[in-house]
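Working notes, structure below.
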Amino acid sequence: MLKIGEIGWIEKDRPECGPRDAIVRPIALAPCTSDVHTVWEGAIGDRHNMILGHEAIGVVDEVGNEVKDFKPGDRVIVPAITPDWDSEAVERGFPSQSGGALGGWKFSNFKDGVFGEYFHVNLADNNLAILPEGMSLEAAVMIPDMLSTGFMGAENAAIEIGSTVAVLGIGAVGLCGVAGARLRGAGRIFAVGTRPKSVEVAKKYGATDIVSYKDGSTVDQILEATDGAGVDAVIISGGGPDIIIDALNIAKPGAKISNNNYYGSGLGEKDTIPLCRVGWGFGMAQKDIVTGLCPGGRVRMERLSDIVTHGRMDPSLMATHVYKGWDKLEEALLLMREKPRDLIKPVVLLE
Ligand code: NDP
Ligand code: ZN
């Protein structure tokens, strides 16, 4: 990111490795919708000459002298979010917010990201996980952010066995929300979106009902399908700020509304997000909006690897566009901005 609205290639020095840190060389990368919000919407403010990217699988190139469990040559999963595990926020139970709101999000936020020949990982023992033998890079590179965020959506929605869930938006994040809802035992899962490939994968991941927000109001369609009752949980992973109104209007009293969206644009001059007074039960219907930033860290990556290794879900279905070589990275990022109808997620392999 050269500045808001402009991307390009730059030369930078190789990052320095602290005593508990690692320097990693990427072997698989994926651009994220969040990179699009950051560059083209300036969602987190101006950034100059910052290396983008936070979704990577890599090979350890160097470790600091206090790192115990990793060595050069190890193939690793690098979480998108790399908290300061010795912080006050971790003690309170919110690692992703270490160092302030969204502070666990370091790559391509306030330090250089992973779209460089080498990148720096803080606290290697806590923020790296070994890439299991035999896992494809296309599957693995979905773990650092897509699986972690999408499953967080299902976790924050407190889904109970047999409950009805609506997932608003089925890009890669929402698709992992669908898969997460199934893993948590949802009885019925509404998946809202229109891109044909996403619809196909949503069904494979466990969606029981597909709703197109382009074929009339999402609220009307879901209320009609549930005889007016609505749903026990909502996972938001698409749409603009108004999507919260849809979520509140389909939520039963007591339902959790779990937000995964990054509200990067479309907020208008006021920079506020609207709620609906009646749909929200006048503020008293216990329709709670829960938010979260992708969970990071080693244990999270190891657990998500187990999901993949043991065949509970196949993330490679989301890798619709697979490229080889650094010179394809820009194209992959631009694809994420354009969102062609056959796209779920582009992946760039570097070996
Ligand atoms: P995509 O753009 O690929 O997917 C968005 C989905 O939302 C699509 O299925 C789209 O439908 C659907 N959609 C658009 N408008 C509406 C609407 N009005 N009602 C219902 N559905 C709608 O995004 P990603 O999956 O890559 O990311 C989703 C969000 O998650 C982004 O905001 C991203 O920045 C954020 N994010 C947040 C993270 C966190 O830590 N909380 C981490 C990573 C990402 P269609 O099929 O028609 O395109
Ligand atoms: Zn991301």
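The figures here come from the full heavy-atom set of this structure, side chains too, leaving out hydrogens, waters and symmetry mates. Start at 1 and go down the list; that is how both ligands and their atoms are numbered.
Considering only non-hydrogen atoms, atom 42 (C) of ligand 1 lies nearest to D145 out of I236, D145, V199, L343. The residue among N261, N260, N259 with a heavy atom at the shortest distance from atom 37 (C) of ligand 1 is N260.
Counting heavy atoms under 4.0 Å from ligand 1, residue T149 touches it through the side chain alone. When non-hydrogen atoms are compared, ligand 1 lies under 4.0 Å from the side chain of I243 (C-beta onward) but not from its backbone. The part of S237 lying near ligand 1 is the backbone, judged by heavy-atom distances below 4.0 Å. Using a 4.0 Å cut-off between heavy atoms, K339 contacts ligand 1 through its side chain alone, with no backbone atom that close. When heavy-atom distances to ligand 1 are checked against a 4.0 Å cut-off, Y262 comes that close through both its backbone and its side chain.
A172 counts as a contact of ligand 1, since one of its heavy atoms falls under 4.0 Å from the ligand. In this structure, S148 has no heavy atom closer than 4.0 Å to ligand 1.
The Zn ion (ligand 2) has no N, O or S atom of C294 under 2.8 Å away, backbone or side chain. Among the backbone and side-chain atoms of D35, no N/O/S atom is found under 2.8 Å from the Zn ion (ligand 2).
Considering backbone and side-chain N/O atoms, L293 never comes within less than 3.5 Å of an N/O atom of ligand 1.
Among the heteroatoms counted here (N, O or S) of E55, OE2 is the one nearest to the Zn ion (ligand 2).
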